[in-house]
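If you read the sequence from its start, that first residue is 1, and numbering goes on from there.
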Amino acid sequence: MTLGQKIIELRKKKGLTQEYLAEKLKISRQTLSNWENNITSPDIVQAKNIASFFEISLDDLTDNHIELKCKDQSNHLLNHLVGKECFISFDDEFIDATMNYNTQFKIIEIGSRFVKVQYQLKKETMIKLIDIDMILGFKVVLKENK
């Protein structure tokens, strides 16, 4: 699948017109048409904007071996963490005085941009949204059989 074909498929899956997508990407409709027809290609900044708009990675946008159909959130790998107790590794830029790598979280919900967690702070139950880009990894807490 060419880059142009991927852009068309992504646009059509969202039910968007060329005009609407071009406006959102701050380009002309003709530029978008040229990309979709593989006459020209977006530069790296434009490709990043496309990937960001459709909430996919640059790899997903440019790699010919990745199936776009896998982006359905119902089969998202992280959805298997919902309801589980975990420790979370955060990006160095993440700052929240009430959470760190020693905090045990219960995963409440996983969205495309945020993870909703529950945790204990002293005697209070806290519920927060964490930007998914600030999470490096999860360590699931296994319950021992008694």
Linked, directly or transitively: L10 and I8 (ILVMFWY side chains, under 4.5 Å):
no
As a quick check of understanding, evaluate side chain to side chain contact (heavy atoms under 4.5 Å, CB included) for V82 and I110, giving each step before the final call.
CA-CA 7 Å; V82 173; I110 304 274; 3.8 Å; yes
Would I108 end up clustered with V115 when hydrophobic side chains under 4.5 Å apart are linked, directly or stepwise?
no
Can you tell me how far apart OG1 (T98) and NZ (K122) are? Round to the nearest 0.5 Å.
11.0 Å
Roughly how far, to the nearest 0.5 Å, is the CG atom of L136 from the CZ atom of F90?
9.5 Å
Minimal non-hydrogen separation, P42 against L3, with atom names
CD-CD2, 3.6 Å
Where do F114 and I135 land on the side chain to side chain contact (heavy atoms under 4.5 Å, CB included) test, with the steps shown first?
CA-CA 10 Å; F114 293 94; I135 297 174; over 6 Å; no
Apply side chain to side chain contact (heavy atoms under 4.5 Å, CB included) to M99 and F94, showing your working.
CA-CA 10 Å; M99 304 183 223; F94 181 79; 4.1 Å; yes
Would you name the heavy atoms of K6 and T62 that are closest together and state the gap between them?
NZ-C, 3.9 Å
Shared hydrophobic cluster for M134 and M126 (ILVMFWY, side-chain gaps under 4.5 Å)
yes
Looking at CG of L16 and CD1 of I7, how far apart are the two atoms once the value is rounded to the nearest 0.5 Å?
12.5 Å
Assigning hydrophobic clusters by single linkage (Ile, Leu, Val, Met, Phe, Trp, Tyr; side-chain heavy-atom cutoff under 4.5 Å), is I107 placed with L129?
no
Show every ring-ring contact (aromatic ring centres under 6.0 Å, His included) that has at least one partner inside residues 116-142, sequence neighbours left out.
F105-Y119
For residues 20-30, tabulate all N or O donor-acceptor pairs below 3.5 Å that involve a side-chain atom, not counting sequence neighbours.
{"residue": "S28", "atom": "OG", "partner": "T31", "partner atom": "N", "Å": "3.0"}
{"residue": "S28", "atom": "OG", "partner": "T31", "partner atom": "OG1", "Å": "2.8"}
{"residue": "R29", "atom": "NH1", "partner": "Q18", "partner atom": "OE1", "Å": "3.0"}
{"residue": "Q30", "atom": "NE2", "partner": "N34", "partner atom": "OD1", "Å": "3.1"}

Name all residues meeting the salt bridge (charged side-chain N to carboxylate O under 4.0 Å, His left out) criterion together with K128; count only those two or more places apart in sequence or in a different chain, and write none if there are none.
D96
So do the side chains of K84 and V141 get within less than 4.5 Å of each other, counting heavy atoms only?
no
Locate the shortest heavy-atom distance separating T2 from Q5; write the atom from each residue and the value.
N-OE1, 2.7 Å
Pairwise distance CD(E93) to CG(D131) - rounded to 0.5 angstrom:
10.5 Å
Any side-chain heavy-atom pair from T103 and I88 closer than 4.5 angstrom?
no
Nearest 0.5 Å please: distance from the CZ atom of F54 over to the CD atom of E9.
10.5 Å
For the hydrophobic clusters of this structure (ILVMFWY residues joined by side-chain heavy atoms under 4.5 Å, transitively), does one cluster hold both F87 and L81?
no
Taking side chain as C-beta onward, heavy atoms only, is V140 less than 4.5 Å from E85?
no
Under 3.5 Å, side chain of N37 to main-chain N/O of S33, donor-acceptor pair present?
yes
Is the count of non-hydrogen atoms from other residues, nucleotides or ligands lying under 6.0 Å from D43 atom CG greater than 12?
yes
Between NZ on residue K106 and SG on residue C86, distance to nearest 0.5 Å:
11.0 Å
From CA spacing to verdict: side chain to side chain contact (heavy atoms under 4.5 Å, CB included), T125, Q120
CA-CA 5 Å; T125 299; Q120 291 298 125; 2.7 Å; yes
